[in-house]
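We're numbering straight along the sequence, starting at 1. Just so you know, ligand 1 is whichever comes first in the structure, and atom 1 is the first atom listed for that ligand. Predicted model, so just to flag it, every value in this text is computed and none were measured.
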Amino acid sequence: MLFAGAARPSVRVWYLPRPVKPLLIACDFDGTITQRDALHVIVERYGERDLWATLAPRVQSGEITVEQAMQEEFAHVRATPQEAQVAVREEAPLRDGFHEFVAWCEDLGHRLVVLSNGFRSIIEPVLAGAGLERLEVVSHDARFGAAGARLVWSDRGPRCDLCNRPCKRQPLRKRWNGERLVYLGDGISDRCASRLADMVFARDGLAEHLRREGVPFVHFDDFHEVRAVLARAVGAGS
Ligand SMILES: [Mg+2]
Ligand SMILES: [Zn+2]
């Protein structure tokens, strides 16, 4: 035998992974982390489905703001917080691979922030139900009740320099410490914030918008794809 009677030479393998600079990853909730927009699900089940059709033209003409339209819509939503949460769990489940994506971010020290125009009273229980209550959530809020829901808008600071409205761009800027920035989203509320990012993952309306504007993005269907693309981009195993 090759090493009979002698101590086996010890073989040391020194493995130094390429250091990965932490990213700031900002991720929309409705229709991005979830497979469907949680707010649509709640309005469909407990509100007046056709009300938005009469509100949208008033928003477009400038008669009322988006926030006023949403308040009007949710004033007709008669549900307890628990009923609203159950509707979202049943009809807007988390997109595939989100758990694994969170674990990957945590392993490599990337900071993941949920940046939503939706409501804390929905987002936090949904994340907690999935064992992800530790994620940072930036959002508005809603008080659900039998007499209708009342929306509580968080202060988003000065108006956005792109859309001239209180949008996600300002809270994202506030959290940015010079890291490379990744943004994931699907809708109108993601447009301005996504323009701050070094790399954008988009689907649905946001993808169509960025395509029209000629802004590069990566289309995604689930978070396994996001993790694989990001792992290649930052040089860390997926
Ligand atoms: Mg969305
Ligand atoms: Zn904006």
Side-chain angles (χ1 to χ4, degrees), residues 25-44 52 56 59-60 62 65-70 73-74 84-85 87-89 91-98 101-102 112-124 126-127 130 132 135-142 151 153-176 181-197 199-213 215 217-223 225-226:
I25 303 172
C27 187
D28 172 54
F29 183 77
D30 287 288
T32 299
I33 292 176
T34 57
Q35 293 180 31
R36 287 188 64 204
D37 190 308
L39 306 189
H40 290 176
V41 165
I42 294 167
V43 169
E44 264 179 26
W52 192 257
V59 173
Q60 262 145 30
T65 64
V66 177
E67 288 80 7
Q68 286 168 327
M70 282 177 72
E73 188 179 37
F74 274 84
Q85 289 158 21
V88 172
R89 274 205 207 104
E91 293 181 46
L94 301 192
R95 197 171 288 284
D96 256 13
F98 188 64
F101 180 64
V102 172
L112 178 61
V113 178
V114 179
L115 188 50
S116 171
N117 263 15
F119 310 136
R120 185 169 297 278
S121 50
I122 295 299
I123 298 170
E124 285 188 343
V126 168
L127 290 176
L132 297 170
L135 290 179
E136 182 184 356
V137 175
V138 181
S139 72
H140 303 298
D141 206 355
L151 306 188
W153 304 101
S154 59
D155 181 6
R156 295 237 153 135
R159 281 172 177 267
C160 167
D161 44 5
L162 292 182
C163 69
N164 195 32
R165 297 186 42 74
C167 87
K168 292 181 178 180
R169 199 167 156 94
Q170 194 59 28
L172 179 54
R173 261 210 185 111
K174 233 167 98 182
R175 282 161 181 81
W176 183 62
L181 178 60
V182 177
Y183 193 89
L184 296 91
D186 75 314
I188 292 175
S189 74
D190 303 306
R191 289 181 182 183
C192 298
S194 70
R195 301 301 286 270
L196 293 172
M199 189 169 194
V200 181
F201 290 84
R203 51 178 292 108
D204 299 332
L206 180 65
E208 286 163 27
H209 170 75
L210 295 177
R211 200 172 287 126
R212 275 197 305 273
E213 297 285 308
V215 177
F217 66 92
V218 179
H219 184 273
F220 72 101
D221 283 318
D222 63 48
F223 283 91
E225 294 171 13
V226 174

Query - Among the N, O or S atoms of Asp30, the one nearest the Mg ion (ligand 1) - result: O
Report summary line: Given the options Asp30, Asp28, Thr34, Thr32 meets side chain to side chain donor-acceptor pair (under 3.5 Å) only with Asp28
Query raised in the report: Just wondering, are more than 12 heavy atoms of other shown residues or ligands nearer than 6.0 Å to CG in Leu162?
Result: yes
Report task. For residues Glu213 and Arg195, determine if any side-chain heavy atom of one lies less than 4.5 Å from a side-chain heavy atom of the other. Result -> yes
Report task. Measuring from the Mg ion (ligand 1), name the closest N, O or S atom belonging to Asp186. Result -> OD1
Query raised in the report: Taking the side chain from Arg120 and the backbone from Asp141, do they hold a donor-acceptor pair closer than 3.5 Å?
Result: no
Query raised in the report: Do side-chain atoms of Arg95 reach the backbone of Asp221 as a donor and acceptor pair under 3.5 angstrom?
Result: yes
Query raised in the report: Is any side-chain heavy atom of Leu151 closer than 4.5 Å to a side-chain heavy atom of Glu67?
Result: no
Requested in this report: Check whether any side-chain heavy atom of His140 lies under 4.5 Å from a side-chain heavy atom of Met70, and answer yes or no.
Outcome: no
Query raised in the report: Has Asp37 got an N, O or S atom lying less than 2.8 Å from the Mg ion (ligand 1)?
Result: no
Requested in this report: Give me the ring orientation class for Phe119 and Phe74: parallel if the planes are under 30° apart, tilted from 30 to 60°, perpendicular past 60°.
Outcome: perpendicular
Query raised in the report: Which residues and atoms, counting only protein N, O or S, are under 2.8 Å from the Zn ion (ligand 2)?
Result: Cys160 SG, Cys163 SG, Cys167 SG, Cys192 SG
Requested in this report: For the Mg ion (ligand 1), find the closest N/O/S atom on Asp28 and give its atom name.
Outcome: OD2
